[in-house]
Amino acid sequence: MPRIAVIDFETTGLSPALGDRATEIAIVLVEEGRVVDRYQSLMNAGVRISAFIEAYTGISNAMVAAAPPAAQVMAEASRFVGRTPMAAHNASFDRRFWAAELERLGLPAAQPFACTLLLSRRLYPQAASYKLGALAALHALPAAGRAHRALADAEVAAALLERIQSDLRQRFGAPQPRHELLMALQACPRHAVPRAIERHLAAQPGA
DNA sequence: TGCCAGGCCCTCTTTAGGGCCTT
């Protein structure tokens with residue numbers, strides 16, 4: 001059964017290339033529109049969290065100091081995901097931290113990432129904002145907890161992904177939109193979405 | 001020493017610039 005692993009990181013900043021590290025990770029496994037499993041943990045990477053980030057995420061230096069080592073958490077997360085294709089909101093951000101944290105352990109990070117932000121730009125041109133919270137409000141998605149904590153944001157992103165897949169079924173007749181179709185759609189211009197779906201369905205019946 | 005993201009997308013574009021989105 002095709003699964004997608006929806007991930008969200010909280011971090012000390014925007015760029016692992018500039019030394020920023022993950023402070024919390026959450027992964028929600030989605031199968032046929034249902035959440036079937038979850039993984040969440042704070043992690044201690046041994047770096048200080050700024051006052052701005054403490055206020056933004058609610059994750060304090062004391063919380064991270066009491067958390068398990070980043071290496072242990074990321075190894076567990078890697079095993080949890082396995083080869084499952086992944087998704088995230090603004091996936092370029094989470095993909096960079098996924099790759100950077102796993103690279104420190106010598107672990108591969110080859111999973112393809114679908115992006116609910118790119119897909120939402122394609123499918124919901126009427127949206128005033130493509131922030132995760134704004135899209136959740138637009139679609140009346142259920143609240144999942146404090147925004148900017150990893151599990152709450154991963155749950156909302158998973159609900160947004162389910163909404164996207166539902167709309168692909170209803171609007172474009174894609175019976176079971178799989179990860180490959182999501183990747184194809186986010187890589188094409190908005191006006192080319194219907195044609196891309198037609199081509200994908202013709203090549204992969206049941207996609 | 002001081003500074004520092006990266007990728008997508010739109011437009012007053014393509015020999016570029018700026019806003020959005022993630023923390």
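Proteins get letters first, then strands, A, B, ... in listed order; numbering begins at 1 in each.
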Using the [atom1] atom as the reference point in each nucleotide, state the distance between [N] and [M] in Å, no decimals.
| N | M | atom1 | answer |
| --- | --- | --- | --- |
| B/dT15 | B/dC20 | P | 26 Å |
| B/dT23 | B/dA5 | C1' | 11 Å |
| B/dG7 | B/dT1 | P | 30 Å |
| B/dC8 | B/dC4 | P | 23 Å |
| B/dC9 | B/dG2 | P | 38 Å |

Taking atom types as modelled, find out whether A/Gln165 and A/Gln176 have a side-chain donor-acceptor pair closer than 3.5 angstrom.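 There is no such pair (donor and acceptor under 3.5 Å, judged by atom type) between the side chains of A/Gln165 and A/Gln176.
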When you measure from the side chain of [X], which nucleotide among [options] comes out closest?
| X | options | answer |
| --- | --- | --- |
| A/Ser92 | B/dG7, B/dT23, B/dC21 | B/dG7 |
| A/Arg121 | B/dC8, B/dT23, B/dC10 | B/dC8 |
| A/Thr57 | B/dC8, B/dT22, B/dT23 | B/dT23 |
| A/Leu118 | B/dA5, B/dT23, B/dC8 | B/dC8 |
| A/His148 | B/dC21, B/dG6, B/dT23 | B/dT23 |

Students often get this wrong, so: under 4.0 angstrom with heavy atoms, is [X] touching a base, only sugar-phosphate, or nothing?
| X | value |
| --- | --- |
| A/Leu14 | base |
| A/Arg149 | nothing |
| A/Asp8 | sugar-phosphate |
| A/Phe9 | sugar-phosphate |

Value rounded to 0.5 Å, distance of CG in A/Leu135 from OG in A/Ser129: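 Between atom CG of A/Leu135 and atom OG of A/Ser129 there are 6.5 Å.
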Run the side chain to side chain donor-acceptor pair (under 3.5 Å) test on A/Thr57 and A/His148 for me, step by step, so that the C-alpha distance in whole Å, both residues' side-chain angles and the decisive distance to 0.1 Å come before the verdict. CA-CA 5 Å; A/Thr57 64; A/His148 305 305; over 6 Å; no
Quick one: side chains of residues 48-55 of chain A, donor-acceptor pairs under 3.5 Å with protein atoms, not counting sequence neighbours, listed by atom name and distance.
{"from": "A/Ser50", "atom 1": "OG", "to": "A/Ile53", "atom 2": "N", "distance (Å)": "3.2"}
{"from": "A/Glu54", "atom 1": "OE2", "to": "A/Asn61", "atom 2": "N", "distance (Å)": "2.8"}
{"from": "A/Glu54", "atom 1": "OE2", "to": "A/Asn61", "atom 2": "ND2", "distance (Å)": "2.8"}

Please figure out whether A/Arg122 or A/Thr23 has its closest DNA chain B nucleotide nearer the 5' end.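 That would be A/Arg122.
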For A/Asp153 and for A/Arg95, find the nucleotide of DNA chain B with the closest heavy atom, then tell me which residue's nucleotide is more 5'.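 Between the two, 5'-proximity favours A/Arg95.
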Got a sec, which hydrophobics cluster with A/Leu105, joining ILVMFWY side chains under 4.5 Å apart, including via others?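 Besides A/Leu105, the cluster holds A/Ile7, A/Phe9, A/Leu14, A/Ile25, A/Ile27, A/Leu29, A/Val36, A/Tyr39, A/Met43, A/Val73, A/Met74, A/Phe80, A/Val81, A/Met86, A/Phe93, A/Phe97, A/Trp98, A/Leu102, A/Leu107, A/Phe113.
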